[in-house]
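Before any comments, here is the structure.
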Number of protein chains: 2
Amino acid sequence: MSLKHALLGFLNYAPMTGYELKQHFDGSIRHFWNSSLSRIYPMLGEMENEGLVTMEMQVQDGRPNRKVYHMTQAGREELQGWLRTPLDQQPVREPFLIKVFFGANLTKEEILAELRQKLAFHRGLLADYRGPVREGMKENIEATGLKRDGLFWRLTLDAGLKHVTASIEWLEESIRKIEELDE
Amino acid sequence: MSLKHALLGFLNYAPMTGYELKQHFDGSIRHFWNSSLSRIYPMLGEMENEGLVTMEMQVQDGRPNRKVYHMTQAGREELQGWLRTPLDQQPVREPFLIKVFFGANLTKEEILAELRQKLAFHRGLLADYRGPVREGMKENIEATGLKRDGLFWRLTLDAGLKHVTASIEWLEESIRKIEELDE
DNA sequence: AGCGACATGTAAGCGGTTACATGATTCT
DNA sequence: AGAATCATGTAACCGCTTACATGTCGCT
């Protein structure tokens, strides 16, 4: 259950509402994770029941009360325990490669169109990682002054960069090979 | 719904039972897809209801009857349609990177242990792709004589190779960076 | 006047895993 | 004697997505 531990990870920096947690997700880890509020809210409720967090209600009028969640000692232990337990490797699952695998059912131009579209998308991703994502991360590190943490944050971005780069290379090579096919 | 179309893709080569389809999955696309029999059987039933396949019962005794599924014209059209429709890009989801992101909660040695384990696993994967997976694919191409199809099959393997290689490089570099940290 | 930020949720459905159920035949 | 292969499924549960529901405040 990774969502739970991602939430604990952020709450370990500071108490927050579900809404703010979602913003941290989008601002810090969107290059490898995403979650919707409709999952976050119920999950925080469960975590409260399990005693991993406590909830502090801040009454507001005109809009729903803020529910600020605080890490408990049990929560800190749960996070530590999870971090120390190796994840079991989850199987690869690439729907796109199913299309490629059965690509012989399409014409050369049809399959090329698909690959070119994917290539454009991945080039966009690369630009995003090198630009806004990298900048956001830099700002977070400067704003918090967390240098040791910052090293790990950067590693996750490096992972993203390696993977998009690999995808782009593969797409370029694949397009070349298919273009050489005579139909 | 990729499982459905992967099944149609294989049934397009030859009529088969669910059990045999599972073997084809494991023998041809396990480097990017996997599925369990407990999903395949109900899915074939649905596909029959939708008219994408027909079922031919081969009575056996001592074991369950073989249910051989045949592609219909509607099935062929469904497959073509799916192959021609761009997939919408599904979001990245890397639980492992959550652990890295919050790695500052662990000691240097704890996080290194995790990364080294992952590295060993990925080196194993690489050996598998270069060995048995590549061999199996070659045999499939020779046995069926499907050269054009074989090109696409190989592309999916290339994708796998690119990605594991990228992961290995990232792990090696990350390990080096963390080792340089003084605690 | 309309949109985005703020702030919380519920309900239905989907695709998947894991465990359970059965049982003969062939290989080691 | 025990494991793998052949061959089919059902049931419970799980994490996630999408759609629905509500309503204010501030900016353009």
Side-chain angles (χ1 to χ4, degrees), chain A residues 1-8 15-27 29-30 32-50 53 55-69 82 87-96 98, chain B residues 1-8 15-27 29-30 32-50 53 55-69 82 87-96 98:
Chain A
M1 232 188 301
S2 308
L3 172 59
K4 181 192 288 187
H5 299 97
L7 292 169
L8 288 173
M16 261 178 276
T17 65
Y19 191 86
E20 288 166 337
L21 281 160
K22 164 69 170 159
Q23 291 177 317
H24 274 81
F25 274 57
D26 293 345
I29 60 175
R30 69 173 154 109
F32 64 88
W33 196 263
N34 72 78
S35 192
S36 55
L37 285 167
S38 66
R39 270 297 291 160
I40 291 174
Y41 289 129
M43 181 58 83
L44 286 167
E46 279 174 47
M47 287 159 68
E48 196 191 354
N49 290 338
E50 292 170 32
V53 295
M55 191 260 281
E56 171 209 354
M57 180 86 85
Q58 292 181 352
V59 179
Q60 301 191 119
D61 58 74
R63 63 182 58 170
N65 297 328
R66 282 166 57 84
K67 294 187 172 180
V68 181
Y69 290 90
W82 183 75
L87 283 177
D88 39 74
Q89 180 71 18
Q90 85 270 273
V92 195
R93 218 169 192 48
E94 289 285 356
F96 183 74
I98 296 184
Chain B
M1 229 187 307
S2 307
L3 172 59
K4 181 193 286 186
H5 299 98
L7 292 169
L8 288 173
M16 261 177 278
T17 66
Y19 191 85
E20 288 165 337
L21 281 160
K22 165 67 170 159
Q23 291 178 316
H24 275 81
F25 274 57
D26 293 344
I29 60 175
R30 69 173 154 110
F32 65 89
W33 196 262
N34 71 77
S35 192
S36 56
L37 285 167
S38 65
R39 273 293 294 158
I40 292 173
Y41 290 129
M43 181 58 84
L44 286 167
E46 280 175 47
M47 287 160 68
E48 196 190 353
N49 290 339
E50 291 170 31
V53 294
M55 192 260 281
E56 170 209 354
M57 180 85 85
Q58 293 181 352
V59 180
Q60 300 191 118
D61 58 77
R63 63 181 57 171
N65 297 329
R66 284 165 55 84
K67 294 185 171 181
V68 181
Y69 290 90
W82 183 76
L87 282 178
D88 37 73
Q89 181 69 19
Q90 86 273 273
V92 194
R93 216 168 193 48
E94 289 286 354
F96 184 74
I98 296 185

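Treat the numbers as computed from the prediction; the structure is a model and nothing was measured. Per chain, numbering begins at 1; letters A, B, ... match sequence-line order. Note that these values count all heavy atoms, side chains included, but never hydrogens, waters or copies made by symmetry.
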Determine: side-chain N/O of [X] to OP1/OP2 of [N], distance under 4.0 Å, yes or no.
X      : N       : result
Q60(A) : dC6(C)  : no
Q23(A) : dC6(C)  : yes
N34(A) : dT17(D) : yes
S36(A) : dT17(D) : yes
R93(A) : dG16(C) : yes

Quiz item: When you measure from the side chain of K22(B) to the backbone N and O of S35(B), does any donor-acceptor pair fall under 3.5 Å?
Solution: yes
To the nearest 0.5 Å, how far apart are [atom1] in [X] and [atom2] in [Y]?
X      : Y      : atom1 : atom2 : value
R93(A) : I98(A) : CZ    : CD1   : 8.0 Å
I29(A) : E94(B) : CD1   : CD    : 12.0 Å
I40(A) : L3(A)  : CD1   : CG    : 6.5 Å
M1(A)  : L7(A)  : CE    : CG    : 11.5 Å

Exercise. Classify every nucleotide of nucleotides 23-28 of chain D by which part a protein heavy atom approaches to under 4.0 Å, writing B for the base, S for the sugar-phosphate alone and - for neither, in 5'-to-3' order.
Key: BBS---
Practice problem: Would you mind reporting whether P15(B) and E56(B) have side-chain heavy atoms less than 4.5 Å apart? | Solution: no
I need the [atom1]-[atom2] distance between [X] and [N], as an integer number of Å.
X      : N       : atom1 : atom2 : result
D26(A) : dA5(C)  : CG    : C1'   : 13 Å
K22(B) : dC6(D)  : NZ    : P     : 13 Å
E20(B) : dT5(D)  : CD    : C1'   : 13 Å
K4(B)  : dG16(C) : NZ    : P     : 11 Å
M57(B) : dA7(D)  : CE    : P     : 14 Å
F25(B) : dT17(C) : CZ    : P     : 11 Å
Y41(B) : dA11(D) : OH    : P     : 17 Å
M16(A) : dC6(C)  : CE    : P     : 14 Å

Self-check item: Counterpart residues, salt bridge (Lys or Arg N to Asp or Glu O under 4.0 Å), relative to K67(A) (two or more places apart)
Solution: none
Self-check item: First encountered from the 5' end of DNA chain D, between W33(A) and N65(B)
Solution: N65(B)
Quiz item: Which is true for G18(B) with a 4.0 Å heavy-atom rule: it touches a base, it touches only sugar-phosphate, or it touches nothing?
Solution: sugar-phosphate
Quiz item: When we call it a touch if two heavy atoms are under 4.0 Å apart, what does T17(A) touch: a base, just sugar-phosphate, or nothing?
Solution: sugar-phosphate
Exercise. Run the salt-bridge test on K4(B) and E46(B) with the 4.0 Å N-O cut-off and return the result as yes or no.
Key: no
Of the listed nucleotides [options], the one nearest the side chain of [X]:
X      : options                  : value
R39(A) : dT8(C), dG15(D), dT10(C) : dG15(D)
S38(B) : dG15(D), dA19(C), dA7(D) : dA19(C)
K67(B) : dC16(D), dG9(C), dG9(D)  : dG9(D)
P42(A) : dG16(C), dT10(C), dA7(D) : dT10(C)

